[in-house]
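Heads up: the structure comes next, in structure tokens.
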Amino acid sequence: MGGDEREHRRLAMTLAAVLLLGAFQLGEGELRGNYSKLSGIIIPGFASTQLRAWSILDCPYSPLDFNPLDLVWLDTTKLLSAVNCWLKCMLLDPYNQTDHPECKSRPDSGLSAITELDPGYITGPLSSVWKEWVKWCIEFGIEANGIIAAPYDWRLSPSMLEERDLYFYKLKQTFETALKLRGGPSIVFAHSLGNNVFRYFLEWLKLEIAPKQYIQWLDDHIYAFFAVGAPLLGSTETVKGMLSGNTFGLPVSEGTARLMFNSFGSSLWMMPFSKYCRADAMYLKHFSGGIRKGPNTYQCEQKEFQSNYSGFSTNIINIEIPSTRGIDAYPSVSEFSQTNYSSMECGLPTQLSFSAREISDGTFFKAIEDYDSDSKRTLHQLKKSYHDDPVLNPLTPWDRPPIKNVFCIYGVDSRTEVGYYFAPSGKPYPDNWIITDVIYEIEGSLVSRSGNQVEGNPGPASGDETVPYHSLSWCKNWLGPRVNITRAPQSEHDGSDVQVELNVEHHDEDVVPNMTRSPRVKYITYYEDSESIPGKRTAVWELDKANHRNIVRSPALMRELWLQIWHDIHADSPSKFVTKAKRGPLRDDDCYWDYGKARCAWPEYCEYRYVFGDVHLGQSCRLRNSSADALLHYV
């Protein structure tokens, strides 16, 4: 009998997979009917792609050398035993982004390049990135050619990705190959910096495809874009990495981490910038092949100068520098002298404060140029690779991508760093700055590590431990004029704790629901178009306490993605978005033992079914055979 039940269950899941991967036809932002197959293309985030050696490097005083195809990022064994050799394979020239003379590294390819950074019994789970995501796809019957990884060298600036690796040309070919192979468009899953990469790709594509064919190409090749943990207005944590170093848990000193981070052209790609400042098109590319240079203009709205902190919650950098050279040492910031130098006393350190705009336009780096040897390199890269980029100045606000279906997903209400106080350490570069205080945003308030009072404008929520809420929530501006808001528990629920607000007016600003929260319950808050932009569908999902780096492993997120796609493939769906009224288990892992009732929880979905090898009661709780039928509740 047990074998028959397993066979029935296997048939049920196969039916679900066939229905999901069945063909479809594109309607107005929806999947209609069964006509073709989906593909999923994953664009990983910063430091989320394996790098392998493409050189032979002998490491003195160490039994471990680097040979071609050896793992560099991330091989913790070689990092611990031969850190100087390892650094040679990681560092880039800070001016032209070329490899170290003795060692070069290149990104790995395929799904294995993004699932685990340092495979191993102990290190594998600690460095897991997209492994759980791929596991979900396999459990639900996705074909091997249905999930495609698009790894890249996350050390490079956007223009160098194309110049050295032809990354965006290859990414375009990936979409076109997926269309031919599977017969339908792709769903893009991007995380963290991967969203910035995808944005640059969309702008690069405008210069490769005739204007009249651009939107049609997107409609044919991309069905939906899921932006996960996108630093849409940059991340303040980048500033810490550039000035004092951010080890990300690696066994290296902060000075070494800073030296490595600042050699990467991509380090500036994640800098915070103002939502009020934009750059006009600098280059107009003709299809004949010629390039005509247009005016290089960077303009800010009047709101930038009327509001404080460039829209962020506080000044991002507060730094003490010697004042003996006087204000003439900073001609580039003389216009801010009344604000920043009002308390200057001859011979005493002076504290300067800088907003997001003053960081991204180079004002801050010019101000400390005489006291930091790395500032000249930073200004060079900032101008060459960002302000003068021939495709896009990435340090400008991102308008809604011209894709029919956009889902913006991020974590909220975690303690997130939003500002820093720096002071000279008295040591040489790269250890010449120390952090004396940190400002955090925590659930709508600002606090400092030292306990000092903080001046600022806290937002209604906090970020995801890495990216501030102000940056993550910028995508709420992409929503239509009317929004439906739903708040529901992240875990499986019966609908009793679901709150709904319908047709909330939205005018290009943050949308804050008037809803309650039960203590110790993590929620997902959904913001979904009630009245969409014509031909478009937009949604924003906020996951309570979802960590920036681990959100792609969140079971709640993967469940919601699966259900939304399942909903979209059914032509008879009465709504544009999947219902939030109830959430039951979808996998065996979602079933567990209820010790209070001495049975498996969710008995309508789960049952006790022992399989040899089970070591506890919860492991023997498994889905009933009607799991495929349960999915029909979400149509």
Drop me the distance from N393's CG to S385's OG, to the nearest 0.5 angstrom. 11.0 Å

Is the side chain of S266 donor-acceptor paired with the backbone N or O of W269 at a distance under 3.5 Å, no angle test? no

With distance as the sole test, does T416 use its side chain to make a donor-acceptor pair with the main-chain N or O of P468 at under 3.5 Å? no

When every non-hydrogen atom of H548 is compared with those of I551, the smallest separation belongs to O-CG2, 3.4 Å

To the closest 0.5 Å, what do you measure between CG (L92) and CZ (R155)? 4.0 Å

Separation between OG (S128) and NZ (K135), nearest 0.5 Å, reads 10.0 Å

Please step through side-chain contact (heavy atoms from CB on, under 4.5 Å) for the pair D93 and Q97, ending with a clear verdict. CA-CA 5 Å; D93 185 279; Q97 294 293 280; over 6 Å; no

Would a distance-only check, ignoring hydrogens and angles, find a side-chain to backbone donor-acceptor pair under 3.5 Å from S263 to M260? yes

Using side-chain heavy atoms (C-beta onward) and a distance below 4.5 Å, is T436 in contact with E320? no

R549/E237 ion pair, N-O < 4.0 Å: yes

S105 (side chain) donor-acceptor with L51 (main chain) under 3.5 angstrom: no

Does any N or O in the side chain of S471 come within less than 3.5 Å of the main-chain N or O of L232, such that one atom is a donor and the other an acceptor? yes

In this structure, OG1 of T76 is separated from CG of L71 (nearest 0.5 Å) by 9.0 Å

Give the ring-plane orientation class for W154 versus F264, where under 30° counts as parallel, over 60° as perpendicular and anything between as tilted. perpendicular

Taking every heavy atom of S267 against every heavy atom of T238, the minimum-distance pair comes out as O-CG2, 3.1 Å

Atom pair CG/SG of L87 and C103 - distance to nearest 0.5 Å: 10.5 Å

In the structure I gave you, are the side-chain heavy atoms of W86 and V72 within less than 4.5 Å of one another anywhere? yes

Positive for ring-ring contact (aromatic ring centres under 6.0 Å, His included) with F201, one of Y167, Y152, F175: F175

Is there a donor-acceptor pair under 3.5 Å between the side chain of S414 and the backbone N or O of D464? no

Taking CD1 in I56 as the centre, count heavy atoms belonging to other residues, nucleotides or ligands within less than 6.0 Å. Is the count above 12? no

Could you state the interatomic distance from CZ (R415) to OH (Y440), rounded to the nearest 0.5 Å? 4.0 Å

With a 6.0 Å cut-off on ring centres, are F189 and W130 close enough? no

Is it true that atom OH of Y429 has more than 12 heavy atoms of other residues, nucleotides or ligands lying nearer than 6.0 Å? yes

Among S360, P272, S355, side-chain contact (heavy atoms from CB on, under 4.5 Å) partner for S310: S355

For D589, which residues count as a salt bridge (Lys or Arg N to Asp or Glu O under 4.0 Å) partner, sequence neighbours excluded? R587

Decide yes or no for M242 and L268: does some side-chain heavy atom of the first lie under 4.5 Å from some side-chain heavy atom of the second? yes

Give a yes or no on whether a salt bridge exists between E417 and K240, defined as a side-chain N under 4.0 angstrom from a carboxylate O. yes

Salt-bridge contact D99-R106 (side-chain N to carboxylate O under 4.0 Å): yes

Check this for me, if you would: do E369 and K366 make a salt bridge, where the nitrogen-to-carboxylate-oxygen distance has to be below 4.0 angstrom? no

What one should report as the nearest heavy-atom pair of Y371 and W433 is O-CZ2, 4.0 Å

Between K131 and E116, does any side-chain N to carboxylate O distance fall below 4.0 Å? yes

Given side-chain contact (heavy atoms from CB on, under 4.5 Å), test V129 with I114 step by step and report yes or no. CA-CA 6 Å; V129 185; I114 67 171; 5.8 Å; no

Can you see which heavy atom on K275 is nearest to which on L233, and at what distance? CB-CD1, 4.0 Å

D389 backbone acceptor or donor facing S159 side chain under 3.5 Å: no

Applying the ring-ring contact (aromatic ring centres under 6.0 Å, His included) test to H470, which of F312, Y410, F273 qualifies? F312

Take N195 and F225 through the test side-chain contact (heavy atoms from CB on, under 4.5 Å) and record every step on the way to the result. CA-CA 10 Å; N195 292 280; F225 169 42; 3.3 Å; yes

Taking all heavy atoms of C89 and all of L57, pick out the closest pair and write down the distance. SG-CD2, 3.9 Å

Sidechain-backbone polar pair: Q381 side chain, P94 backbone, donor-acceptor under 3.5 Å: yes

Donor-acceptor check, side chain of R164 to backbone of L156, threshold 3.5 angstrom: yes or no? no

Nearest heavy-atom contact between I359 and M271 is CG2-SD, 3.8 Å

Flag if over 12 foreign heavy atoms under 6.0 Å of NZ, K376: no

Test: C408-C475 SG spacing under 2.5 Å: yes

A side-chain contact here means heavy atoms from C-beta on lying under 4.5 Å apart; do L472 and V412 qualify? no

Any Y421 side-chain heavy atom under 4.5 Å of I439 side chain: yes

With the side chain counted from C-beta on, respond yes when V391 and Y200 share a heavy-atom pair under 4.5 Å apart, and no when they do not. yes

Is any side-chain heavy atom of W204 closer than 4.5 Å to one of K172? yes

Step by step, would you call D372 with T378 a side-chain contact (heavy atoms from CB on, under 4.5 Å)? CA-CA 10 Å; D372 191 278; T378 303; over 6 Å; no

Look at the side chain of W133 and the backbone N and O of V552, then say whether any donor-acceptor pair between them is shorter than 3.5 Å. no

Is it true that the side chains of S425 and D431 contain a donor and an acceptor less than 3.5 Å apart? no

With respect to K78, which candidate in D118, D65, D70 satisfies the salt bridge (Lys or Arg N to Asp or Glu O under 4.0 Å) definition? D70

